[in-house]
Amino acid sequence: MEEYSFKTKLKLGVVLSLFFVFTVFFYGPVGIYLANADELKFGLGVVIKDSLIISLIMFVFIVLFSLIVPKKLFKWYMLLVLGVGLGFYVQGNYINYDYGVLDGTDIEWGNYTKYGLLNTAIWVVCLLVPFIIYFIVRKKDKALINKIVVAVCLFLVVIQVPAFISQAVTYKKKSTQSLVITNDEMFSYAPKDNIVVFILDCLDEVYYQDYLTRHPDFETDNPGFVHYDNAMTGGARTMMAMPIFYTGIPYDRQDTYSQYVDEIFKKDNLLQKMNDAGYDVRVYSETLFFSDDTVDMVDNFEMVTNPVTSDYMLSRKLYKLTLFKFMPHFLKARFWMQTSEFEEAMKRDNTYEFNDIKFYQDYSQTHMTIDDSKKKTFTVYHLKGMHRPYNMNRECVDVGRTGRREQLAGVFKIVNEMLQEMKDKGIYDSSTIMITADHGDKHNCERIMLMLKEAGATGDCTYSHAPVSSFDFPIYIAGIAGETMTNEYGVDLKTLGEDEKRARYLYRNSSDNSKLVVKKFMTESDASKHKKLKLIDEYVDDGEVEPYELGERLGFDVDNNGNAYATEGFENNHGFRTKLKGPISTLVIPFATVPDKPIECDIEIHERTEVSFGMKCIVKVNGTEVYQGTVNSDMVNKGINFKIDPSLFKDNKLTIDFEFPEVDMSELDLDMKDRTTTISLVSIVME
């Protein structure tokens, strides 16, 4: 019988632990991350850190356990650990079946019985191999098995290192910082001298007037307001309008959108002016419209260096996914998960959500507070307002699908209750309150509602027909703070006469098959006369059609390259998605190299896709149907996923047609804006 001294057990325990831990607990999760880094928001650093901590703990545990195994049992323990390690190594590197994308789609485990039996047989072989080797070599040299175990463990670690290095050197480092808008002190004001702005997304003046026909008491119950019925936005839609509100500088596509945003906030801007004037500045909106520099100007903006808020949760999900990869087939179901579950490790309790239902819930729970330590506040609430889909009723409850009037009533329930509480708390009269929209919704989205109450204003609501523009807003608000701002197209709106003749400008983000276009309009007429808008300039971003490389993300946001491949049936690109129009939308994608085996195509669908119509969607690749589904919440959550066989390629190109057979083909004769909206795309990845 072999004798296993403390020193021998320590040596063997160390090499066994090194092989087992490196394979499963370190390279396992890190390798999975590196293979999927483009789809995950967190960086390699946090994965390596957490994996090293867990690996170190497991290494020490296995070594210590090896030392306490009785000498008589150690040989069998050693062979068993090596066999299990071999099973994990072979399973994780060579015999994993493609179960499809882990996007929430249930795996039909019953369809893999034959593979499961073969997989089990391979595992049995791996477990038995160390024992078979031992029985072969023990007659020659009983101690030889120890040397073999050491050699096998070290060899299998060494051959995994180059693969790890190869993956690591191709990793594209993610940005270490990102801007986060928190909901901190969302309803906290000074005892006096508050400026409060409600930006109700997409709220056209026409919609507001319709609301007043049923709720005339809104204006009679809120004294001091002026209703400007001839107000016009300077930018449409949101990605154009929001930067103008803060800077008065339009986007003309001379740079990427992110470069434009970075540049304008280095110049005179409302946030900096209000901060300089001593205001407590708080903005509740979406981060797309702000540069990182604004973190020093806005009190509820934060720079986050690590999106992970829970290393414990990240480690749980990471190792669950790792075990899904390394476990035998018949045990995998216990570790099945969606990759979206990683979001649980990045939740922040204080992040502002662009969600009116959530906004109202937060308001109802906390209500307003008056902070005596604050001298003056400037607060902007960017609410979803009349943005589709309409899913909120007049009680601010999510009921699935409602309608424009129900949504509108819910939006003004929020505004009404907040105005009433300002009265109850004694800050209404001393506050300047603006209720407006970033852009309208009808025609070119040029006409916006605008209600303005200046501090100290009293009396019945009055009307003004002054030709106001949103280019005027930063100039006016900065003026209240005693600061000076100017821009090419704006004036102090209080200087405008009732029927003053004035040239007003609109920068309209449009699209021609998803290619980004900014159209510059001018009018000297009322905002209600949309036909008087004259197109005076156009800025087109054609994009470059470059051969596609497998694994590349084709994004449909303002700075990404997916838009260049759209040839038919794509309408507005909103800066973070592009809209498909029925009955047919087409992408033509040239490839650098035609793959020699089937590839997986994963298409991310935006959450604002209208799902209530439940229309059928068929996807064809060079004329061959590869997917059929229904546009519903399940599609939005899971995306569109299908395989593409190399035989489908024609001239190194893929023509991908999205067909919607329930949309009449006669719509092909209509302008793009008049066709039926089907789905909204965020990105496409093929690999």
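- Here the closest heavy-atom approach between residue Asn300 and residue Arg282 is recorded as OD1-CA, 3.1 Å.
- Taking the six-membered ring where the residue is Trp, the centroids of Tyr77 and Phe74 are separated by under 6.0 Å.
- Smallest separation of non-hydrogen atoms from Pro595 and Phe649: CD-CZ, 3.5 Å.
- A cation-pi contact, defined as under 6.0 Å to the ring centre and within 45° of the axis, is absent between Lys71 and Tyr4.
- Side-chain polar atoms of Ser285 and His382 form a donor-acceptor pair below 3.5 angstrom.
- In terms of modelled atom types and a separation under 3.5 Å, the side chain of Lys643 and the main chain of Val626 share no donor-acceptor contact.
- Taking a cutoff of 4.0 Å between a charged side-chain nitrogen and a carboxylate oxygen, Asp645 and Lys597 do not qualify as a salt bridge.
- When each of Tyr33, Tyr319, Phe164, Phe59 is tested with Phe26 by the rule ring-ring contact (aromatic ring centres under 6.0 Å, His included), just one qualifies, namely Phe164.
- To the nearest 0.5 angstrom, Ile95 atom CD1 is 4.0 Å from Ile122 atom CD1.
- Between Trp123 and the choices Phe88, Phe326, Phe330, Tyr89, the ring-ring contact (aromatic ring centres under 6.0 Å, His included) rule is met once, by Phe88.
- Looking only at distances, no side-chain donor or acceptor of Asn391 sits under 3.5 Å from a matching main-chain atom of Asp398.
- Between Phe187 and Phe359, a ring centre-to-centre spacing shorter than 6.0 Å is recorded.
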Let's go through Lys358 and Asp362 carefully: what are the C-alpha distance in whole Å and the side-chain angles of both, what is the deciding distance for salt bridge (Lys or Arg N to Asp or Glu O under 4.0 Å) to 0.1 Å, and is it a yes or a no?
CA-CA 6 Å; Lys358 177 70 165 54; Asp362 290 345; 3.0 Å; yes

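- With respect to Lys266 and Asp262, no salt bridge is recorded, no charged nitrogen being found less than 4.0 Å from a carboxylate O.
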